Participant: 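For reference, the structure I am asking about is given below.
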Amino acid sequence: MAAVEALSIDEKGAVLGLALGAGADAASRLAGVASARCRAALVALAALDVDARATEVAALRAELAAPVPAGLDRVHSGWLRRALEGERAEIVLAAATGQAAPVREAAEALLGAHEEIASSRWARASGPALDELRRALFSGLVAMPVGAGAEARMPRAHALCALSATELDEEIARRGAETLGRALVGAPAEALARAAAGAEGLARVVVASAKSGASPEERAQARALVASVPPAEAARGAVRAVGLRAIARDVAGEGVAALMAVAQVLPPALGDALLACGGTS
């Protein structure tokens, strides 16, 4: 259900508690937009028939009970290191044992390990306690939108999460250059030349977009997006700054979890910037 899929993991926990008639104070810690999203999800659940509602609640319960979010092999190693850093070595080893290769590699990088994690005595750790440990460590991450079901629910996020970190960074730059060019449709040649000169190797994209014949509505949207970039940020790289906002705008309609999933493909610093552009950080 789209209203539930769009929620962050904390919001899903609050909705599940409220849907089950327990933990009514869960929503009290959520304010503003988050609270509105939770209320919308609860209304959508209440509108379902008994069987459909039971199916949705069961799926939500299963997602929250999973030891780790789905698709961790698609998450940038920086986010995985962030989830594990600061923990004792034995905790990191236990949490990473048996997980996807990127998780094990992130653990090894943190610990400077010279042995395979699977050779550790902690490889024998198992059971509910280990599952709970993993849920706690990786609770800041969201499931990646993989598979046909995710493609149907959040097509933009699904397509972007299929890219590598390098490819997504290039897509952000391309989108930024296109938006800059669209904002300059009808502008004096001197203004277009200045923008193209500062387009970080994407001058041709800026010029082609400016000459593409965008509609007045498209030009207005592009100009509003460009104008939303603070001057200091634009000075550090206008193409990327605009591109981050363009991607955030497109994915935001699929929910905060979708935007977080796209951010997780990128190195954390750039992913944090994307989340800030989407108003979720």
Side-chain angles (χ1 to χ4, degrees), residues 1-19 23 25-46 56-57 59-66 68-72 74-76 78-80 82-83 135-147 149-163 165 168 171-172 175 225 228 241 243-281:
M1 177 185 293
V4 175
E5 290 288 342
L7 302 176
S8 70
I9 197 68
D10 290 341
E11 293 163 3
K12 287 179 179 178
V15 166
L16 179 62
L18 292 168
D25 65 336
S28 66
R29 294 190 296 272
L30 301 170
V33 177
S35 181
R37 284 195 296 261
C38 289
R39 285 195 298 272
L42 287 166
V43 169
L45 284 172
E56 290 290 340
V57 169
L60 184 55
R61 191 198 295 266
E63 179 182 347
L64 293 170
V68 298
L72 280 186
R74 299 293 308 154
V75 176
H76 189 279
W79 292 94
L80 301 173
R82 180 184 283 186
R135 274 192 290 273
L137 290 175
F138 296 109
S139 62
L141 302 178
V142 300
M144 299 298 283
V146 295
E151 183 178 10
R153 293 191 305 271
M154 44 184 74
R156 292 185 177 88
H158 180 274
L160 293 171
C161 288
L163 303 176
L168 181 51
E171 176 67 8
I172 290 168
R175 290 292 305 279
L225 201 63
S228 70
L244 285 168
R245 284 161 175 79
I247 294 290
R249 179 194 60 190
D250 287 354
V251 178
E254 296 178 353
V256 63
L259 187 60
M260 179 66 192
V262 175
Q264 287 174 177
V265 176
L266 298 164
L270 190 54
D272 286 340
L274 177 65
L275 294 174
C277 290
T280 64
S281 65

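Sequence positions, counted from 1, serve as the residue numbers for this chain. Atoms considered below: every heavy atom in the structure, side chains included; atoms not considered: hydrogens, waters and symmetry mates. Worth saying up front: this structure is predicted, and the values here are computed from it rather than measured.
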Participant: Measuring from atom CG of L168 to atom CZ of R175, what distance do you get when rounded to the nearest 0.5 angstrom?
Facilitator: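 Taking CG in L168 and CZ in R175, the distance rounds to 11.0 Å.
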Participant: Can you see which heavy atom on V15 is nearest to which on L60, and at what distance?
Facilitator: CG1-CD2, 4.2 Å
Participant: Measuring from Q264:CD to L275:CG, what's the distance to the nearest 0.5 Å?
Facilitator: 8.5 Å
Participant: Counting only N and O atoms by type, is there a donor-acceptor contact under 3.5 Å from the side chain of E254 to the main-chain atoms of R156?
Facilitator: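 Answer holds: yes.
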Participant: At their closest point, which heavy atom of W79 faces which heavy atom of G271, and how far apart are they?
Facilitator: CZ2-CA, 3.9 Å
Participant: Main chain of L163, side chain of R74: is a donor-acceptor contact present, judged purely on distance under 3.5 Å?
Facilitator: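 Yes, R74 side chain to L163 backbone: donor-acceptor pair under 3.5 Å.
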Participant: Testing the basics here: between L45 and A19, what is the closest heavy-atom pair and its distance to 0.1 Å?
Facilitator: CD1-CB, 4.3 Å
Participant: When rounded to the nearest 0.5 angstrom, what is the spacing between CD in E151 and NE2 in H158?
Facilitator: 4.5 Å
Participant: Any chance you could measure L274, atom CG, to I172, atom CD1, to the nearest 0.5 Å?
Facilitator: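 Here the interatomic distance stands at 6.0 Å.
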Participant: Can you give me the closest heavy-atom contact between V265 and M144, atom names plus distance?
Facilitator: CG2-CE, 3.7 Å
Participant: To the nearest 0.5 Å, tell me how far L270 CG sits from H76 NE2.
Facilitator: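 Reported to 0.5 Å precision, the distance equals 9.5 Å.
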Participant: Check V251 against A157 and note the closest heavy-atom contact, atom names and distance.
Facilitator: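 So the minimum-distance heavy-atom pair works out to CG1-CB, 4.2 Å.
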Participant: For a quick test of reading the model, state the closest non-hydrogen atom pair linking A273 to L244 and the distance between them.
Facilitator: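 Between these two residues, the closest heavy atoms are CB-CD1, 3.9 Å.
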